[in-house]
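These notes concern the structure reproduced below.
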Amino acid sequence: MAPSTPKHAILHGLNDAQRRAVTSDAATLAILAGPGSGKTHTLTARVAWLIDHVGYQPENIIVATFTVKAAREMKDRIGKALGNGREKKLILGTFHSIARRYLTTYGHHIGLSPKFGIADESDSRTSIERICKRLQLAVDPRAARMWISKKKAQGTEAAAKPTKGPAKPPSPQEAEFGTCYQEYQSHLEKSNLLDYDDLLVRCVELLRQFPRCVSNIQSVLVDEYQDTNGIQYELMKLLAQQHWRITTVGDPDQSIYGWRSAEIKNLRRMFQEFGRTERVSLEENYRSSQSILHLSMLVIKQDETRFDKTLKPVHDKGSRPVLRRLKSAAAEADWIVSEIRRVLMMSGSMMTHNDVSILLRSASLSRHIESSLGKAGIAYRMVGGHKFYDRAEIKTLIDYLRVIAQPENNVALARILNVPRRGFGEGTIKGLLQEAETSSLSVWAVLSKHCRGDRRSKTKITNVMEQKLSGGLLRPLEDIRKHIQGASGPDENPLGLVQIIEQLLVKLDFQKYLETAHADDHEQKWANVQEFIGLAAEFERDMDNSEEDFLPEIEGLQQTKEVEVLPRFLANVSLAADAQAGDEGQESKPHVTISTIHKAKGLEWPIVFVPAVYKSVFPHTRSEDDAEERRLLYVAMTRAQALLYLSCPLFNSNGNGERTELSPFVEPVKGSFLNKGPCFDRPVMQGIAKIIQRKLPPEETIFKGLPAMFSPEDNLFPVDPEEAKPVEGARAKRMRLQGPGYDGGEEVQWHSDYATTMEGLPSFSGASHGFVSVGAHQEAITAANRTATVAQKAEKPQPSANKRPADQRSIMGFVRTNSGSARTPSGPPAYSRPNNTVPRQIFGTEPLPAPAQPAIDPVLAGHKLGAGKMMTRPSVAKEEKTVKRKQYTCFSSSPPRPAAANDDTGRNNPAAKPPEPIRPAVGLHATTTTLPKGLGGGFRRPAGLGMEGIKPIERLRRPFKPLTINRPA
DNA sequence: AAACGGACCCTTTTT
DNA sequence: GGGTCCGTTT
């Protein structure tokens, strides 16, 4: 890396480009950073540089990220680089959280009540739905919402720009969108709410009118710049308006938020608007193996409009990525499980479940995978998808809290009016909202006046309803409100957050409510409530000892100090939408990560699976931008360090069982993939170890760890799922540690399976990509009557002609010689291994002695055997070579085990009937936490495994009993 | 007339 | 899990 020792510790370990980026004194700096190029590291170092070397104060630096996770990570790493906890003073967070900070602190200058709440997506949706219904608009509320959001996200500059030509009259639909927009805004205003986009819009308004708010800011740094939208771009400029020092980091190839109005053109805009913007490209990829990177590039390069850039791999070739075809989504999931097992087993203790991730286009694809992992007893964690805060019982509690904090929040109040059931139905609620609208009162005011007898509600409310409402909602919440302010007694302390929630639970008799309303799973739900309290406690604790969220004082500018816990907690809930409690604190047990690709951005794992790579998922049916969908796949693929698996079921999983079509992004390059998992022989494993910089345990240790029955190869599922059924014998095969090849008849059986499936494979065209032409081999092999001899011939010409592509493993590499030119197995790992081989590995009891005579590399031997459908060991060395058979113990040729044994996992897919994955040896794999950790971040109970088996006790239906029925007549 | 409860449909990506 | 349709209950 660094040729000379850098003067400053900060620069240590940075490459040239990174160092230029970190130390640049250009006012505006754009860092173009490909995947795995040390982007975060560079940005972190630059912040440290600005503080320690340039001399900026942390509180005068803004670092904006795109996701909460990225913000957290950035803060962590800057903290480590700086020391002294100085990172806490940085103004660091997502654009939205930074905007909120400015608005709570200075919002009163633009007439914003400092106690504003944040309308989340479902708030927006329901209120827009109501508006459309009320005004009888013909538009689809969802479309309206998107239209409104787009308008806001575009930014004020774009909106102000006169559209070319005469302003065309808005279409009738646009007119309706417009009225909906207006109604929606006035509704939000009445409820004192800002939606996500408003946070940015209003902050822009604030900073435009009161530039002094940011007069202290010396430098602004923006991460994931390619994902900024128009309004964020404006916000960035306004935040930096004092000194105009801006650093952006991004990669156009990883722009995957176009649907959220992100504009890649902001990059060009930056160059145009800021005169001399220095530009640094980080091109070295420190993350992935060459072959993973190469294949990812093949995918992204299909986009011809894209700005091409180079990526230099620093790692070895590594194992070729796999494209696997499976029969169904269920089989796909089972295969993933078997493959996870196989690789982890074969790695000894080098890797754990923590090193595996499964990346999905959409969260809904996780069902089968979760259930397979659950069945196999593998711990996993699902990020993205349904959030903890979205669970019904939690959402209800949050809505109660929101109404406590903001009585005028009509959306929240409307949602809890009939939870628990109080006899308020759709019609009544609609009526109340309408009445509030027309009488310019909040719904809360209407109801509380009605119950106090001050003002009769026009909406019909029966006596029973009224009593339940008063006793179960209005009074308790009012009580708590008073307690919060410490006004209920002279010597009473104001309530803390946890106390507020606990009081609420008591006053609502929430546990009983859960029992009554959700008899079957109230225990789970109550556990979630407990978890929620835990989260609140954590938040409260963190808040006490951090200055975070406060902006530095600016002379002559009045601040509103946000002291109350509840609003801050609620804002945090809306903005940090996925809770990660217990994640960082305690060491959790190793688990596989399932994530949406969007949420996986910026992260990496040694092993990555990308399932469901078919049309309608990649690209998604509902997406409008195929190029973005391609980039999404690119992002997913470039998360992998050492092993990358794509897979595709033959049939759609959603009921109708339609046939799938391989994703058009993958189709043109499918020949560059292996069609099943690689053989994890010693060189391959060592290659992985090198990439992830870990130590591979000695062979003996690995084998000791293997369970009695273990299939060391990816052979539990047919390579071609069209093929009717896998041969029975293909299940558990016992590894043989040594001995001559086994020539039993059964073996023929399952080998033949592979031989036939190969014929059905699409032809491969690897040659054009600089890979070995596997297909050519394949065809040659099959055509030549499947004899080892022919296979050998097919292998031969290239190397002898010395035209072997640079990245192809030389045939000499397969042969152990003393000649220096030949690679030894301990050298760089095999890059391209012929497809469909059933490689043999020397899992001998002792290391191979360097033979005097050249010996055939096991990989080659395997190639012949597998490809050639040999019943016996190949009579390899037709020419000069002789094989010492004893040295190669053949994993895959040991006799198949009787099927019946150990078959305890019930499977419900008789059609596909893939062999059962073998249960791991006890203690080798973590098992699923059955404890409902609940959280989006906690361990989840696998779908379909939940509470079944525990028959819900039939419970008496009890009506929700109000606590007090008491109001003046 | 309004509310409730069961059956049946579909489900992108996130602050 | 959530929204909607429809028959039943309050």
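No engagement by A:E628 is indicated, since no non-hydrogen atom pair under 4.0 Å with the nucleic acid exists. Within 4.0 Å (heavy atoms only), A:R125 reaches sugar-phosphate atoms of the nucleic acid but no base atom.
Protein atom CD of A:E370 is 13 Å distant from nucleotide atom P of C:dG1, rounded to whole Å. For the pair A:L235 CG and B:dT15 P, the computed distance is 17 Å after rounding to whole Å. Rounded to a whole Å, the CG atom of A:L193 is 20 Å from the P atom of B:dT15. Rounded to an integer number of Å, the gap from CG of A:L469 to P of B:dA3 is 14 Å. In this structure, CZ of A:R367 is placed 12 Å from P of C:dG2, rounded to the nearest angstrom. Atom CD1 in A:I461 sits roughly 22 Å away from atom P in C:dT10 (whole-Å rounding). The interatomic distance linking A:D123 (CG) with B:dT15 (C1') rounds to 14 Å, in whole Å. To the nearest angstrom, P of B:dT14 lies 16 Å from CG of A:N229.
In this structure, of B:dA3, B:dT13, C:dG3, it is B:dA3 that holds the atom nearest to the side chain of A:T428. The A:W259 side chain lies nearest to B:dT13 when the options are C:dG3, B:dA3, B:dT13. When distances run from any side-chain atom of A:R622 to the nucleotides B:dT12, B:dT15, C:dG1, the shortest one goes to B:dT12. Closest to the A:R142 side chain, of the nucleotides B:dT12, C:dG3, B:dT15, is B:dT12. The side chain of A:R260 sits closest to B:dT15 out of B:dT12, C:dG2, B:dT15. For A:R421, whose side chain is taken as the heavy atoms from C-beta onward, the closest listed nucleotide among B:dG5, B:dT14, B:dT15 is B:dG5. Side-chain proximity of A:S362 to the nucleotides C:dG3, B:dT14, B:dT12 is greatest for B:dT12.
Residues satisfying the salt bridge (charged side-chain N to carboxylate O under 4.0 Å, His left out) criterion with A:K458, sequence neighbours excluded, are absent altogether. By the side chain to side chain contact (heavy atoms under 4.5 Å, CB included) test, A:E263 is found to be paired with A:K265, A:N266, A:R269, residues two or more places apart in sequence or in another chain being considered.
Applying the 3.5 Å distance criterion, the base of B:dT15 shares a donor-acceptor pair with the side chain of A:H96.
Residue whose closest nucleotide on DNA chain B sits further toward the 5' end, between A:R361 and A:N418: A:N418. Each of A:I256 and A:F424 has a nearest nucleotide on DNA chain B; the 5'-most of these lies closest to A:F424.
Residue A:H620 and nucleotide B:dT12 are classified as a stacked aromatic pair, their ring centres being separated by less than 5.5 Å at an interplanar angle below 30°.
Ion pair A:D195/A:K152 flagged as a salt bridge, since at least one NZ, NE, NH1 or NH2 atom sits closer than 4.0 Å to an Asp/Glu carboxylate oxygen.
Between A:Y225 and A:Y233, the two ring planes are tilted [angle within 30° to 60°]. Ring planes of A:W147 and A:Y181: perpendicular class, angle over 60° (limits at 30 and 60°).
Between A:V249 and A:Q226, the closest heavy-atom pair is O-OE1, 4.3 Å.
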